[in-house]
Amino acid sequence: MRIFFFLFLLFSTFTFAQDKPKLVQRDPFLQNPVKNQPQKSNTNNKINIKHADEISKNPLKYDGNQFFKGNVVLEHQGSILYADEVIVYEAENFVKAIGNTKLQNPDGSVITASEMEYDGNSQKGIARKNVVLNDPKGTVIKTETMYYDRVSNLAYYNTGGTINDGKSTTYSKSATYNLTNRTINLTDNVRIEDKDYILDGINVVQNQNTNIVDINGPTTITNRKNPKNRIFTEKGTHNLNTKESFLNKNSRIYYNDKILTGDAMYYNQLSGFGTATGNVTLDDPLEKRYLKGGYGEIFEKKDSAMMTKGPYAVKILEKDSIYFASEKILSYQKLDSANVKKSYLRAFKKARIYKSNAQGRADSIAFNETDGVLHMYTNPILWSGEKQVTGDKVEAYFNTETENIDSLKVIGNGYAISKVDSLNMKDEFNQVKGKLMTVYYQGKDIKEVKVIGNAQYIAYADDVNEKTKEKERIGIRLSSCGIIHANFEDQVMQILSCSVGVQSTLYPMSKIGPDRKKFPDFNWNTKDRIRKWQDILVDSPNYEEIKYESDDELFNQAQEVIDKAKAAEEAKKPKRVRK
């Protein structure tokens, strides 16, 4: 008690006489920012020595400044500093503390270290060696050198450190901790780890109250159990509690070997649900397919996705890719009855498809990518070269090795139309129709057509003139039967067989009028036809309808002869005269 009373009296009344002790060698952090000199001492802001076991002064030690040893206790503005030894630079209101130092602040935060320096005028300090900061709500910061400012209530380190809040551990080269609002500005090699995820970045701000991280600069958030599932962004926020992320710049979500990108994105790592808006792309490298649109949603746990706002999909094939578009596109994977995972693509409302040798439209399209089976529902229409196929439903079967269509199956009201000669503009079309139609491809072109049930066809018949060796038109054959088998040679349809209840007539061109050259439901469509892949991006390219030239000269001439003959016969009949 005597030494305590002595010290208290000593520092309350006067300062021990010294022979001009040297000023302390300060860290730049503790320099006066104006003149790079220590600030002048304020008598109302003095550091008070509350206790020490021993007081000493030695001209050969500590540049002649006083020092205190043994259970030293200092007080300043409500903060208490404990240490084994303290050097006091009285004129500068500055202290150096050595050994088991602890600074206890009024807000409840505590800093421990091997050494500390503190400026009572600026209220700034430095802690060195095994530094630990505990805030009153449980956050613990560990580093080797920490700078702290009591006025702004900031703590800073740039020598590397860890931050633990009980739920996650943060590593960074540099950090600034605002003890008032409990936000930590982290820079240089930042890593935040919890039991499920790892966040790696270069500049993030972590809020210890909300556990929300503001992301500034390239940052990756990785799933520990499945490292391939991760998030990358250069700007956004991430909630460490709910695992929700809002991503706003150069962002990517990697999940189930797929990649989602967009201008603005949201993702919940717990539910696996994500959204993206603006220039959205969902890339599936394993399926060699990507989706694009203005808005997209993903469902990681169901392995499915949806794209809207002008969406389209591209199935990348080595030789000839397939393009899809509609108002909404879904992609998903599921196990079949044999427990084999298969990929599917579905396009809803005003669906369009483009392939170099096949283009189509329907209300909706469903594509089994794994097996290469495509279904077209409601008013389907498929073009291939100068051929058109329609029906109630169209199924296309792709050869997954050659990447070409093997065959088509048209179920209900199948109707195939082909231009007789694609090199001219004559209004001449071969037609075949029936209940069930199967179309076979050879390479990229339609080779055969088989029709079963109420089968009918209209086919132009040609023959070769023996003298001129040139092809001449014989007429048009109209037939109906139970089964029709036709093939195409050099783009010309040839009827191979017509069996079961056959009714067939070959009409010379002079005996068949324009009303019988086409079936009543003839629907050749050139306005809506997709001629290049970009045409799928609009509901219809709205091309100008092609005007074909009618060739009814022989029929008209014959009809004229018949009409004249009828008129002559009519003229021979006696005329009645009224009496």
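In what follows, residues are counted from 1 in the order of the sequence shown. The structure presented is a predicted model; accordingly, all values stated were derived computationally and were not measured.
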Note: Arg224-Asp196 ion pair, threshold 4.0 Å (strictly below) =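 No salt bridge links Arg224 with Asp196.
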
Is it the case that more than 12 heavy atoms not belonging to [X] sit under 6.0 Å from its [atom1] atom?
X	atom1	result
Lys173	NZ	no
Asn189	CG	no
Asn279	CG	no
Gln442	CD	no
Lys342	NZ	yes

Side chain [X], main chain [Y], donor-acceptor under 3.5 Å:
X	Y	value
Asn525	Lys527	yes
Gln431	Phe519	yes
Arg361	Asn379	no
Thr183	Asn181	no
Ser168	Ile192	no
Thr378	Asp363	no
Tyr197	Gln269	yes
Arg352	Ile536	yes
Glu327	Ala347	no
Lys228	Asn226	no

query = Is the centre of the Phe367 ring less than 6.0 Å from the centre of the Phe398 ring?
reply =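 Here the rings of Phe398 and Phe367 have centres that are less than 6.0 Å from each other.
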
Residues [X] and [Y]: side-chain donor-acceptor under 3.5 angstrom:
X	Y	result
Arg252	Tyr254	yes
Gln333	Ser343	yes
Ser540	Asp528	yes
Tyr157	Ser172	yes
Gln388	Asn523	yes
Glu395	Tyr397	yes
Glu244	Tyr266	yes

query = Phe429 and ring pair (Phe, Tyr, Trp, His ring centres under 6.0 Å): which partner among Tyr460, Tyr415, Tyr548?
reply =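 The residue from Tyr460, Tyr415, Tyr548 that satisfies ring pair (Phe, Tyr, Trp, His ring centres under 6.0 Å) with Phe429 turns out to be Tyr548.
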
key: salt bridge (charged side-chain N to carboxylate O under 4.0 Å, His left out) evaluation trace for Lys235 with Asp214   = CA-CA 8 Å; Lys235 186 73 176 178; Asp214 292 324; over 6 Å; no

ask   = Under the side-chain contact (heavy atoms from CB on, under 4.5 Å) criterion, do Ile329 and Met306 qualify, and how do the steps go?
value = CA-CA 6 Å; Ile329 296 179; Met306 178 196 74; over 6 Å; no

ask   = In Å and rounded to the nearest 0.5 Å, what is the OH to OG distance from Tyr354 to Ser321?
value =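 Answer rounded to 0.5 Å: 10.5 Å.
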
inquiry  = Arg182 and side chain to side chain donor-acceptor pair (under 3.5 Å): which single residue from Thr139, Asn207, Thr210 fits?
reply    =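 Result for side chain to side chain donor-acceptor pair (under 3.5 Å) with Arg182: Thr139.
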
inquiry  = Exactly one of Lys517, Lys547, Lys518 should register a salt bridge (Lys or Arg N to Asp or Glu O under 4.0 Å) with Asp427. Which one does?
reply    =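 The salt bridge (Lys or Arg N to Asp or Glu O under 4.0 Å) with Asp427 is passed solely by Lys518 among Lys517, Lys547, Lys518.
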
task = Would you kindly check if the NZ (Lys) or CZ (Arg) of Lys315 is within the cone defined by 45 degrees around the ring axis of Phe324 and under 6.0 Å from the six-membered ring centre?
result =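 Cation-pi check for Lys315 and Phe324: fails.
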
message = Using the side chain to side chain contact (heavy atoms under 4.5 Å, CB included) definition, which of the options Asn248, Thr233, Thr237 pairs with Ile215?
response =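 Among Asn248, Thr233, Thr237, the one meeting side chain to side chain contact (heavy atoms under 4.5 Å, CB included) with Ile215 is Thr233.
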
message = For Ser384 and Tyr441: C-alpha separation, side-chain torsions, deciding distance, then whether side-chain contact (heavy atoms from CB on, under 4.5 Å) applies.
response = CA-CA 10 Å; Ser384 185; Tyr441 278 73; 3.3 Å; yes

query = Do Ile411 and Asp392 pass the side-chain contact (heavy atoms from CB on, under 4.5 Å) test, and can you show the C-alpha distance, the side-chain angles, and the key distance before you say yes or no?
reply = CA-CA 6 Å; Ile411 303 169; Asp392 294 341; over 6 Å; no

query = Checking side-chain contact (heavy atoms from CB on, under 4.5 Å) for the pair Glu297/Phe273: CA distance, chi angles, key distance, verdict?
reply = CA-CA 7 Å; Glu297 294 181 357; Phe273 173 72; 3.9 Å; yes

